[in-house]
Protein chains: 2
Amino acid sequence: MKTEQDIFLAYLKSRGLNLTAERSKILQTVFSFHRHFDLDDLYDEIRRHKARVSRATIYRTIPLLMESGLIREVFRCMDRPHYEHIYGHDHHDHMICLGCGKVLEFKDERIEKLQNEVCAEFGFESVEHRLGIRGYCRECREGQVKRRGAAGT
Amino acid sequence: MKTEQDIFLAYLKSRGLNLTAERSKILQTVFSFHRHFDLDDLYDEIRRHKARVSRATIYRTIPLLMESGLIREVFRCMDRPHYEHIYGHDHHDHMICLGCGKVLEFKDERIEKLQNEVCAEFGFESVEHRLGIRGYCRECREGQVKRRGAAGT
DNA sequence: ATTGAGATTGAGACTAAATCTCAATAAATT
DNA sequence: AATTTATTGAGATTTAGTCTCAATCTCAAT
Ligand SMILES: [Zn+2]
Ligand SMILES: [Zn+2]
Ligand SMILES: [Zn+2]
Ligand SMILES: [Zn+2]
């Protein structure tokens with residue numbers, strides 16, 4: 001079982017790039033999250049650990065992490081892309097509550113299978129997909145709503 | 001059968017707003033498209049008809065059209081949101097070719113139904129959803145690829 | 001250990017999308 | 001007609017993201 005480091009390192013090597021301290025710190029921080037994050041979450045968390053990585057470097061590193069298959073963009077919220085690490089986690093899709101901003105994850109094998117069928121019909125080779133359902137969660141429908149802002153898909 | 005104008009007008013009235021010449025022109029142009037469009041497509045098409053509406057007004061009107069349920073954002077391409085009118089059209093989802101940028105539309109009732117089931121399980125009330133599959137279309141997989149740039153979901 | 005080629009970084013300049021401000025205009029209301 | 005409120009366009013402003021470049025680091029070959 002390879003670690004995320006192994007994978008990132010292999011990817012970087014394959015491109016003639018190095019695993020620097022900054023990239024390593026970003027990688028480590030990404031995998032320390034147990035939730036979806038945006039660039040500023042990363043930046044803040046790194047500083048909170050008294051490490052110092054510039055925003056420019058984070059902007060540069062995110063595409064590398066995506067290309068190496070370690071993270072993916074999941075949705076856009078407050079006009080910013082949000083990411084999640086995917087290595088070691090099952091694929092899943094998202095429901096985003098327009099009331100409280102909560103993000104629910106779900107996976108339905110039947111939907112996944114049907115997507116493959118549709119792609120086959122069209123002769124389309126799927127590389128990646130994203131299903132985002134926006135609406136209102138149980139708590140927001142029933143009880144009192146604490147508005148935290150709407151989220152985009 | 002209401003026209004898009006009726007709907008937009010009703011929405012505007014409900015908010016104490018007026019259907020001005022500019023808003024009317026934007027509405028008309030939106031429904032003259034038979035493809036997905038972004039803000040500049042709108043701007044250019046309006047000017048091509050020798051009408052004059054500022055970008056600021058278009059930026060202001062798009063949210064109104066979305067809130068009134070006439071258009072929706074469908075994906076992001078070249079870092080810009082793209083829209084489509086939805087009034088009078090069946091709901092559908094999209095496949096986006098990473099090779100040529102082509103956008104294919106599909107609808108699978110079974111997938112739609114399963115989404116409803118999943119929402120019910122979670123007690124989640126769906127308002128809207130978006131399924132985007134990115135990959136390679138038949139032509140790009142077989143023949144020669146004419147790269148036109150990648151598209152985002 | 002030294003060296004040189006190439007990779008990397010951070011700071012700040014730059015770009016471009018989107019929002020905001022505001023004075024002038026238009027529409028609705030009285 | 002007068003008053004109020006909505007609307008517009010131009011340009012200023014904000015902000016996410018990219019680009020530039022000089023200084024620094026990495027690594028592989030001596
Ligand atoms: Zn909620
Ligand atoms: Zn997730
Ligand atoms: Zn294609
Ligand atoms: Zn469509």
Side-chain angles (χ1 to χ4, degrees), chain A residues 5 8-29 36-44 46-47 50-68 71 73-83 149-152, chain B residues 5 8-29 36-44 46-47 49-68 71 73-83 149-153:
Chain A
Q5 276 240 5
F8 198 30
L9 185 56
Y11 169 77
L12 291 170
K13 283 303 164 209
S14 81
R15 290 208 30 196
L17 307 175
N18 308 313
L19 182 55
T20 63
E22 288 82 359
R23 286 175 182 153
S24 186
K25 187 68 195 172
I26 293 170
L27 177 68
Q28 175 201 322
T29 306
H36 307 97
F37 61 90
D38 66 10
L39 190 133
D40 277 343
D41 292 330
L42 251 180
Y43 183 77
D44 294 343
I46 289 172
R47 301 207 101 217
K50 28 191 175 290
R52 221 164 286 281
V53 178
S54 73
R55 270 174 219 283
T57 296
I58 300 180
Y59 272 116
R60 287 168 181 136
T61 304
I62 285 176
L64 299 177
L65 289 168
M66 293 214 285
E67 281 155 36
S68 62
I71 69 173
E73 191 184 321
V74 274
F75 49 78
R76 181 167 283 262
C77 182
M78 314 306 277
D79 242 325
R80 288 186 195 157
H82 283 61
Y83 309 90
Chain B
Q5 277 241 2
F8 198 30
L9 185 56
Y11 169 77
L12 291 170
K13 283 303 163 206
S14 80
R15 291 208 29 195
L17 306 175
N18 308 314
L19 181 56
T20 63
E22 288 82 359
R23 287 175 181 153
S24 186
K25 186 68 195 171
I26 293 169
L27 176 68
Q28 174 201 323
T29 306
H36 307 98
F37 60 91
D38 65 10
L39 190 133
D40 276 344
D41 291 331
L42 251 181
Y43 183 76
D44 294 343
I46 289 171
R47 300 209 102 217
H49 286 9
K50 25 190 177 294
R52 221 163 287 278
V53 178
S54 74
R55 280 200 163 73
T57 297
I58 300 179
Y59 272 115
R60 287 168 182 136
T61 304
I62 285 177
L64 299 177
L65 289 167
M66 294 215 284
E67 281 155 36
S68 64
I71 70 174
E73 191 184 321
V74 275
F75 50 78
R76 180 166 283 261
C77 182
M78 312 309 277
D79 245 325
R80 288 187 194 157
H82 282 61
Y83 309 89
T153 299

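Heavy atoms only: backbone and side chains are in, while hydrogens, waters and symmetry mates are out. Labels below follow one simple rule: chain letters A, B, ... track the order of the sequence lines, proteins then strands, and each chain is numbered from 1.
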For side-chain contact (heavy atoms from CB on, under 4.5 Å), just list the numbers for B:L64 and B:F8, CA-CA rounded to whole Å, side-chain angles, deciding distance to a tenth of an Å, and then say yes or no. CA-CA 8 Å; B:L64 299 177; B:F8 198 30; 4.0 Å; yes
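- One atom, CG of A:L42, and another, P of D:dG17, lie 13 Å apart when rounded to the nearest Å.
- Between A:R15 atom CZ and C:dT8 atom P there is a gap of 9 Å when expressed in whole angstrom units.
- D:dT24 atom P lies 18 Å from atom CZ of A:R52, rounded to whole Å.
- A:S54 has no side-chain polar atom (N or O) that falls below the 4.0 Å cut-off from OP1 or OP2 of C:dA11.
- Checking D:dT14 for Watson-Crick or G-U wobble geometry (two distances, each under 3.5 Å) identifies C:dA17 as its partner.
- Using a 4.5 Å heavy-atom cutoff, the side chains of A:L39 and A:R80 are not in contact.
- Between the CD atom of A:E22 and the C1' atom of C:dA11 there is a distance of 14 Å, rounded to whole Å.
- Within the 4.0 Å cut-off from OP1 or OP2 of D:dT8, at least one side-chain nitrogen or oxygen of B:R23 is found.
- Taking atom CG on B:D79 and atom C1' on D:dG17, their separation rounds to 8 Å, with Å as the unit.
- Using the Watson-Crick or G-U wobble rule with both distances under 3.5 Å, D:dT4 pairs with C:dA27.
- A close approach under 4.0 Å does not occur between any side-chain nitrogen or oxygen of B:R60 and OP1 or OP2 of D:dT7.
- Separating the CE atom of B:M66 from the C1' atom of C:dA18 is a distance of 13 Å, rounded to the nearest angstrom.
- Projected onto DNA chain C by closest heavy-atom contact, B:P81 and B:N18 fall at different nucleotides, the more 5' of which corresponds to B:P81.
- In this structure, A:S24 contributes its side chain and A:A21 its backbone to no donor-acceptor pair below 3.5 Å.
- With rounding to whole Å, A:Y83 atom OH is found 12 Å from D:dA16 atom P.
- Phosphate proximity of D:dA16 to A:R80: present, with a side-chain N or O under 4.0 Å from OP1 or OP2.
- The residue among B:A56 and B:L12 whose nearest nucleotide of DNA chain D lies closer to the 5′ end is B:L12.
- Between the P atom of C:dA18 and the CE atom of A:M78 lies a distance of 16 Å, rounded to the nearest Å.
- Take the nearest nucleotide of DNA chain D for B:G16 and for B:I58: the residue whose nucleotide is more 5' is B:G16.
- For the atom pair B:I62 CD1 and B:Y59 OH, the distance stands at 8.0 Å (nearest 0.5 Å).
- When heavy atoms are screened at a 4.0 angstrom cut-off, A:P63 is found touching no nucleic acid atom at all.
- Looking only at distances, no side-chain donor or acceptor of B:N18 sits under 3.5 Å from a matching main-chain atom of B:T20.
- Contacts of B:L17 with the nucleic acid, taken as non-hydrogen atoms under 4.0 Å apart, involve only primed sugar atoms and P, OP1 or OP2.
- Contact annotation: B:T20 side-chain N/O to D:dT8 OP1/OP2 distance is under 4.0 Å.
- Look at D:dA29: its Watson-Crick or wobble partner, with both distances under 3.5 angstrom, is C:dT2.
- Ring pair B:H82/B:F75 is parallel by interplanar angle, where below 30° counts as parallel and above 60° as perpendicular.
- Residue B:Y59 has no polar side-chain atom (N or O) positioned under 4.0 Å from OP1 or OP2 of C:dT19.
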